[in-house]
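Order of appearance sets the numbers: ligands from 1, and atoms from 1 within every ligand. Numbering of residues begins at 1 and proceeds along the displayed sequence.
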Amino acid sequence: MAVERTLSIIKPDAVAKNVIGEIYSRFEKAGLRIVAAKMTQLSREQAEGFYAVHRERPFFNDLVSFMISGPVMIQVLEGENAIAKNRELMGATNPRDAAPGTIRADFAVSIDENAVHGSDGPETAAQEIAYFFKSDEIRPRTR
Ligand code: RTP
Ligand code: MG
């Protein structure tokens with residue numbers, strides 16, 4: 001199985017709940033390595049650009065307002081099958097449908113405030129990583 005990279009965001013609700021470490025621990029236990037990370041508060045333009053694919057959807061404005069409501073923690077995860085593995089750890093978009101033990105089941109309260117983002121495929125992963133990180137800000141394992 002191929003080593004992949006994926007973009008993960010710990011959203012404002014989970015940062016406010018002080019569970020960054022708990023979520024990082026789940027990534028690490030699943031064999032995913034954090035190879036880049038930054039805490040920031042997104043501007044409206046950044047959030048709109050990031051979620052541009054959803055621009056026409058009825059929830060777009062609420063989604064953008066939520067994503068800029070507080071700091072987020074953005075990371076690149078690297079590992080075997082990282083994209084699907086991260087989606088599995090996250091659980092379903094709506095925490096009500098998320099399997100027990102997933103990040104969204106444990107930390108999210110609603111479909112609007114659902115704790116984490118993860119890239120949904122190889123192309124979006126590459127685009128989303130480049131959206132937030134320059135290549136020299138990504139530091140894969142060297143020892
Ligand atoms: P994300 O992109 O944040 O990782 O979430 P996802 O792939 O599981 O879900 P996606 O379909 O990409 O939707 C992006 C975010 O928009 C909000 N959403 N609300 N009210 C609704 O029907 C609805 N559908 C989606 C969610 O917060 C979702 O994470
Ligand atoms: Mg998505």
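The closest protein non-hydrogen atom to atom 1 (P) of ligand 1 is His117 ND1, 3.1 Å. Among protein heavy atoms, atom 12 (O) of ligand 1 sits closest to His54 NE2, 3.0 Å. Counting only heavy atoms of the protein, atom 6 (P) of ligand 1 lies nearest to Thr93 OG1, 3.6 Å. In terms of protein heavy atoms, atom 27 (O) of ligand 1 is closest to Ile111 O, 2.7 Å. When only non-hydrogen protein atoms are considered, atom 29 (O) of ligand 1 lies nearest to Asn114 ND2, 2.8 Å. The shortest contact between atom 21 (C) of ligand 1 and any protein heavy atom is with Phe59 CD2, 3.6 Å. The protein non-hydrogen atom at the shortest distance from atom 7 (O) of ligand 1 is Arg87 NH1, 2.9 Å. Annotation: atom 5 (O) of ligand 1 to nearest protein heavy atom, Arg104 NH2, 3.3 Å.
Counting heavy atoms from C-beta on, the side chains of Gln75 and Tyr24 come closer than 4.5 Å.
Within the listing of ligand 1, atoms 4 (O) sit less than 4.0 angstrom from a heavy atom of Gly118.
Within 6.0 Å of atom CG in Asp136, more than 12 heavy atoms from other residues, nucleotides or ligands are found, so the atom counts as buried in its surroundings.
Between Arg5 and Glu78 there is a salt bridge, with a side-chain nitrogen of the basic residue lying less than 4.0 Å from a carboxylate oxygen of the acidic one. Salt bridge Asp106/Arg26: present, at least one basic N to carboxylate O contact under 4.0 Å.
Of the possible polar contacts, one joining the Ser69 side chain to the Phe66 backbone as a donor-acceptor pair under 3.5 Å is found.
With a 4.0 Å cut-off on non-hydrogen atoms, Phe66 does not touch ligand 1 at all.
Heavy atoms of Arg57 come nearer than 4.0 angstrom to ligand 1 in no pair at all.
In this structure, Lys38 fails the cation-pi test against Phe132, since its NZ or CZ atom is not both closer than 6.0 Å to the six-membered ring centre and inside 45 degrees of the ring normal.
To the nearest 0.5 Å, the span separating CG on Leu32 from OG1 on Thr6 amounts to 8.5 Å.
If you check each of Leu63, Asp13, Asp112 against atom 15 (C) of ligand 1, the one with the closest non-hydrogen atom is Leu63.
Remark: Arg55 engages Glu48, Ala52, Phe60 in a side chain to side chain contact (heavy atoms under 4.5 Å, CB included) (not counting sequence neighbours).
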